[in-house]
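Structure, as structure tokens:
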Amino acid sequence: MGIIGISVWGVVLVVILLVAALAIFWLLDRRMLMRSLQALSAMTLQLALAAAYVWGLFQLDNWLVNLLWLVVMAGAVAYIYTRRVRLPSKRFWPVLAFSVLCGSLLTGGSLLLSVDADNAKQLFVPMIAIVAGSLLSSGTLALGEYVICLRNTRSHRRYLQANGATHLEAIIPCVRRSLRASLLPLFKFMTSPLIVALPLLFCGMLLGGVKLWIAIVVTILMMMTTFAATVLTVVIILWLSDRYFFDSNDNFNPSGSLS
């Protein structure tokens, strides 16, 4: 008994195990039970919405529509940046969205050149989505660290500039810290014991029937792409948004208010 290759009895068993796990929280920690139910509900809803628009993209099968989706994704990622790092949306959103769009196109587009033209259109959405997901976490950490560093090193930057340092030389320590922070999620993943914790992308391709060696090559290429996308996008963000972090007197003033 099965539906599209998925065993109904297997699904029932998984649901029973989930109910058993939730029952433990119901007995011991009902606050965590509510948080778990909220998280599961949010994940299910988001997955359903994602599946709906991905299905629509596949049905339309049009490069222009795919590029429009990428623009929307870049705008969404940029908006999340401004919310999490608490930057003025009107001031920073356009430059952040443009930076994410450039980084995604540059690195994701290069990755698509490694596959044949017949599959490139179909792989555009999932590959760009993986890159965008990586940029969401790494970019948030990078911007957050950059803002904290600039705020805490005001006097040090003034000292350096008073002794002849340029603006770039004064902010380089914060740029360095920002780049380090952006790579923390990737380093954590790359240094994890992959022998016992296989990458989800690799496992997904194997479940989809992809040949083992192709799954290995694609996973390695994706890791190289996300690494390059992270570094290049953060550099583009810091370069293009520099004028918005400082006022005409070179003082740290991301809000743009008169001082």
Side-chain angles (χ1 to χ4, degrees), residues 1-62 65-66 69-70 72-73 76-77 79-80 83-84 108 111-112 115 118-138 140 185-186 188-223 225-226:
M1 182 186 224
I3 301 176
I4 318 178
I6 299 177
S7 171
V8 173
W9 299 115
V11 174
V12 172
L13 178 59
V14 170
V15 172
I16 292 174
L17 292 174
L18 175 63
V19 172
L22 294 175
I24 294 175
F25 281 116
W26 184 78
L27 293 173
L28 301 178
D29 191 345
R30 297 190 180 182
R31 179 178 298 178
M32 183 57 69
L33 172 64
M34 294 305 300
R35 292 183 60 183
S36 301
L37 291 174
Q38 291 173 357
L40 288 170
S41 301
M43 182 199 69
T44 303
L45 178 60
Q46 292 183 74
L47 186 58
L49 293 174
Y53 78 69
V54 170
W55 178 84
L57 291 172
F58 283 167
Q59 292 298 312
L60 293 172
D61 195 25
N62 185 286
V65 176
N66 289 345
W69 166 80
L70 174 57
V72 174
M73 285 284 290
V77 171
Y79 177 74
I80 294 174
R83 297 290 293 178
R84 291 183 177 178
L111 179 61
L112 287 175
V115 300
D118 294 335
N119 294 323
K121 189 184 297 184
Q122 186 176 4
L123 293 175
F124 179 86
V125 172
M127 285 186 172
I128 294 296
I130 293 175
V131 173
S134 175
L135 293 179
L136 181 60
S137 58
S138 61
T140 300
L186 282 176
K188 183 178 180 180
F189 172 77
M190 286 190 271
T191 56
S192 62
L194 298 181
I195 295 178
V196 295
L198 295 175
L200 291 178
L201 174 64
F202 179 74
C203 295
M205 285 187 289
L206 292 181
L207 290 172
V210 177
K211 293 181 180 179
L212 178 61
W213 70 270
I214 295 179
I216 294 173
V217 171
V218 171
T219 302
I220 294 174
L221 288 175
M222 279 304 312
M223 288 306 304
T225 301
T226 52

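These figures come from a predicted structure and were not determined experimentally. We count residues from 1, following the sequence as given. Heavy atoms only: backbone and side chains are in, while hydrogens, waters and symmetry mates are out.
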Evaluate the side-chain proximity of [Y] to [X]: yes if any heavy-atom separation is below 4.5 Å, no if none is.
X: Leu136; Y: Arg84; value: yes
X: Leu40; Y: Leu18; value: yes
X: Ile220; Y: Ile216; value: yes
X: Ser36; Y: Leu22; value: yes

Can you name the side chain to side chain contact (heavy atoms under 4.5 Å, CB included) partners of [X], sequence neighbours left out?
X: Ile24; answer: Leu28
X: Val72; answer: none
X: Met222; answer: Leu111, Met127, Ile130, Val131, Leu201, Val218, Thr226

Rounded to the nearest 0.5 Å, what separates atom [atom1] in [X] from atom [atom2] in [Y]?
X: Leu186; Y: Ser138; atom1: CG; atom2: OG; value: 6.5 Å
X: Ile80; Y: Leu135; atom1: CD1; atom2: CG; value: 12.0 Å
X: Phe25; Y: Leu37; atom1: CZ; atom2: CG; value: 10.5 Å

All heavy atoms of Val77 vs all of Ala132, minimum pair found to be CG2-O, 4.4 Å
All heavy atoms of Ala129 vs all of Trp69, minimum pair found to be N-CH2, 3.9 Å
